[in-house]
Amino acid sequence: MSVRLILESKGREVATIDPSATLGTAVKTLAERRIGALVSVGEGGTVIGILSERDIVRRIAEDGASCLDEPVASAMTRNVKTAQEDMTIDEAMDVMTRNRFRHLPVTEGGRLVGIVSIGDVVKLRIETVEREAEDMRSYIHAG
Ligand code: AMP
């Protein structure tokens with residue numbers, strides 16, 4: 001099972017933000033869309049950064065609420081780890097677990113084409129296990 005399977009079920013839309021937008025705007029967008037991270041994209045759809053709610057919480061703890069007027073570029077992570085669509089779900093889970101983050105933008109040919117979160121991966125895992133259990137029950141009853 002690959003990351004492509006998740007994108008085919010949840011869609012390929014990614015919430016993005018301009019690095020020059022303020023952290024205050026990012027907070028509103030995260031809250032409105034009920035998500036935990038925004039991706040910044042540069043020329044030609046390349047990923048140039050990711051801003052998670054954790055980055056904002058850390059900045060507020062360090063600098064106080066006035067940081068909400070600062071640009072996204074000042075708080076985002078620039079060294080972004082990405083997945084390709086043919087990466088296995090297990091590999092994606094491993095990358096997120098080992099690096100202690102919950103979001104993995106997906107790129108093809110260097111362009112952003114989707115994003116998977118640890119929540120998406122766990123959901124698919126649970127569905128798979130439930131389906132296997134159901135198949136096993138049907139097999140036993142048919143016997
Ligand atoms: P998260 O657990 O995804 O909310 O993010 C925790 C920290 O990891 C934050 O500093 C994020 O900016 C950073 N982060 C999230 N996703 C990635 C990623 N795919 N590559 C690199 N850093 C990331």
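We number each residue from 1, following the sequence as shown. Computed over heavy atoms, backbone and side chain alike; hydrogens, waters and symmetry mates excluded.
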query: Does a side-chain heavy-atom distance below 4.5 Å link L68 with I60?
result: yes

- prompt: How would you list, by chain and number, every residue that makes a salt bridge (charged side-chain N to carboxylate O under 4.0 Å, His left out) with K28, sequence neighbours excluded?
  reply: none

- prompt: Charged N to carboxylate O under 4.0 angstrom, D120 versus K123?
  reply: no

- request: List for me each residue that meets salt bridge (charged side-chain N to carboxylate O under 4.0 Å, His left out) alongside R54, sequence neighbours excluded, and say none if there are none.
  value: none

message: For G44, is there any backbone N or O sitting under 3.5 Å from a side-chain donor or acceptor partner on R111?
response: yes

- request: Return the set of residues passing side chain to side chain donor-acceptor pair (under 3.5 Å) with R131 (not counting sequence neighbours), or none when no residue passes.
  value: none

statement: Paired with I50, the side chain to side chain contact (heavy atoms under 4.5 Å, CB included) test is passed by just one of H103, M76, K81, namely H103

Check: E85 main-chain N/O paired with E108 side-chain donor or acceptor under 3.5 Å: yes

query: Is it the case that D18 and S20 place a side-chain donor and acceptor less than 3.5 Å from each other?
result: yes

field: For the student: nearest non-hydrogen atoms of P105 and L112, plus distance
entry: CB-CD1, 3.8 Å

message: Under 4.5 Å between side-chain heavy atoms, counting indirect links through other Ile/Leu/Val/Met/Phe/Trp/Tyr residues: same cluster for V113 and L104 or not?
response: yes

- prompt: Does a donor on one side chain sit under 3.5 Å from an acceptor on the other, for Q84 and T107?
  reply: yes

